[in-house]
Amino acid sequence: MWLSSRRGFLCAALALAGCGLTPVMEPGSQQLYNQVLIQAPVNRAEYELVRNLEAQLGTTKSARFSLRYDLKITQDNIVVSTAQEISRYSLIGELEYSLTDSNGAILNRQTAKSFTGYSATGTTVATQRAQRDAYDRLMVILAEQVSTALLTLDLP
């Protein structure tokens with residue numbers, strides 16, 4: 001029993017080793033780390049987005065690339081009680097972004113989309129805190145989508 005699972009594991013390891021895949025976070029493959037100047041935020045949601053992007057892509061003073069974005073967040077009511085009270089909201093985020101080189105040529109343009117929700121069943125303060133947490137979670141999700149897409153690019 002143990003021998004057959006070891007053989008399978010070794011065969012799988014050998015097959016993956018020969019496929020040519022390299023880890024994204026390998027030091028040699030980090031072309032964008034500390035090389036991207038991210039557009040300055042203008043509100044709290046964008047600040048959280050930029051903070052999360054910088055945590056994954058690094059910060060820089062002399063950049064080879066720049067990242068521009070357009071963030072749109074809409075809020076929908078998703079649960080309305082029979083007494084016409086809203087008890088749950090959904091935040092839908094859409095982030096259009098483009099990566100440009102130092103000459104201004106667009107290297108990549110994509111859109112990241114996601115959603116999250118929060119409950120409004122507590123006090124006003126609890127609802128405001130839940131809304132703020134939902135915005136923060138949404139910015140983490142969008143930043144991860146953007147950084148994953150950018151780190152997998154094959155740049156010149």
Side-chain angles (χ1 to χ4, degrees), residues 12-13 16-17 19-81 84-156:
L16 286 176
C19 72
L21 292 176
T22 58
V24 172
M25 299 309 281
E26 179 185 13
S29 65
Q30 293 184 6
Q31 296 178 26
L32 291 178
Y33 195 73
N34 287 336
Q35 298 294 318
V36 179
L37 180 63
I38 302 170
Q39 174 184 326
V42 295
N43 57 34
R44 187 181 185 288
E46 288 183 6
Y47 170 79
E48 286 298 319
L49 175 71
V50 170
R51 187 176 69 84
N52 287 301
L53 282 169
E54 286 179 345
Q56 296 183 16
L57 297 175
T59 58
T60 185
K61 300 217 186 292
S62 60
R64 289 179 40 204
F65 307 100
S66 68
L67 181 69
R68 313 282 295 156
Y69 61 84
D70 183 27
L71 177 65
K72 295 180 184 97
I73 301 174
T74 57
Q75 180 172 301
D76 290 338
N77 308 334
I78 55 174
V79 176
V80 180
S81 69
Q84 298 302 311
E85 294 175 349
I86 301 169
S87 60
R88 188 119 178 108
Y89 292 94
S90 176
L91 294 176
I92 303 160
E94 183 174 331
L95 179 70
E96 295 177 8
Y97 63 94
S98 61
L99 182 72
T100 58
D101 63 7
S102 57
N103 298 328
I106 296 174
L107 302 173
N108 186 21
R109 179 178 289 167
Q110 290 185 356
T111 302
K113 297 178 184 179
S114 191
F115 69 94
T116 188
Y118 67 96
S119 178
T121 57
T123 63
T124 304
V125 173
T127 300
Q128 288 174 347
R129 184 61 205 181
Q131 181 184 30
R132 187 173 180 171
D133 287 344
Y135 271 92
D136 292 350
R137 286 192 314 272
L138 183 60
M139 294 306 106
V140 168
I141 294 167
L142 292 174
E144 286 179 357
Q145 287 181 7
V146 170
S147 63
T148 301
L150 293 178
L151 288 172
T152 57
L153 286 177
D154 187 21
L155 297 173

Test item: [X] and [Y] side chains (from C-beta on) under 4.5 Å apart, heavy atoms:
X: Leu37; Y: Phe65; value: no
X: Asn52; Y: Glu144; value: no
X: Asn43; Y: Glu46; value: yes
X: Val146; Y: Leu67; value: yes
X: Leu150; Y: Leu57; value: yes

Side-chain (Asp101) to main-chain (Asn103) donor-acceptor, under 3.5 angstrom: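 Yes: the side chain of Asp101 pairs with the backbone of Asn103.
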State whether a side-chain donor-acceptor pair under 3.5 Å links Tyr97 with Gln145.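 There is no such pair (donor and acceptor under 3.5 Å, judged by atom type) between the side chains of Tyr97 and Gln145.
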Check whether the side chains of Ser66 and Thr100 place a donor and an acceptor atom closer than 3.5 Å, and report yes or no.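 Judged by distance alone, the side chains do pair up.
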If you measure from CG on Leu99 to CD1 on Ile38, what distance do you get to the nearest 0.5 Å?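 It is 10.0 Å, given to the nearest 0.5 Å.
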Measuring from Leu95:CG to Leu142:CG, what's the distance to the nearest 0.5 Å?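 Rounded to the nearest 0.5 Å, the CG-CG separation comes to 5.5 Å.
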Working note: Leu91 + Phe115, criterion side-chain contact (heavy atoms from CB on, under 4.5 Å); need CA distance, chi angles, decisive distance, verdict. CA-CA 5 Å; Leu91 294 176; Phe115 69 94; over 6 Å; no
If you take all heavy atoms of [X] and [Y], which pair is closest and at what distance?
X: Ser90; Y: Ile78; value: CB-CG2, 3.6 Å
X: Gly117; Y: Ala134; value: O-CB, 4.0 Å
X: Thr121; Y: Thr127; value: N-OG1, 4.5 Å
X: Ile73; Y: Met139; value: CD1-CE, 3.6 Å
X: Leu71; Y: Ala45; value: CD2-CB, 4.3 Å
X: Tyr69; Y: Gln39; value: N-OE1, 2.9 Å

List the steps and the verdict of salt bridge (Lys or Arg N to Asp or Glu O under 4.0 Å) for Asp133 and Arg137. CA-CA 6 Å; Asp133 287 344; Arg137 286 192 314 272; 5.3 Å; no
Do the charged groups of Glu48 and Arg51 touch, with an N to O distance under 4.0 Å?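 Salt bridge flag = yes for Arg51 with Glu48.
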When you look at CZ of Arg44, are more than 12 heavy atoms from neighbouring residues, nucleotides or ligands closer to it than 6.0 Å?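 For Arg44, atom CZ is crowded (more than 12 foreign heavy atoms under 6.0 Å).
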Within 6.0 Å of NZ in Lys113, more than 12 heavy atoms from elsewhere: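 At most 12 heavy atoms, drawn from other residues, nucleotides or ligands, come within 6.0 Å of this atom.
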Using the rule given for side-chain contact (heavy atoms from CB on, under 4.5 Å), can you reason through Thr60 versus Gln35, listing the C-alpha separation, both sets of side-chain angles and the distance that settles it, and then say yes or no? CA-CA 6 Å; Thr60 185; Gln35 298 294 318; 5.7 Å; no
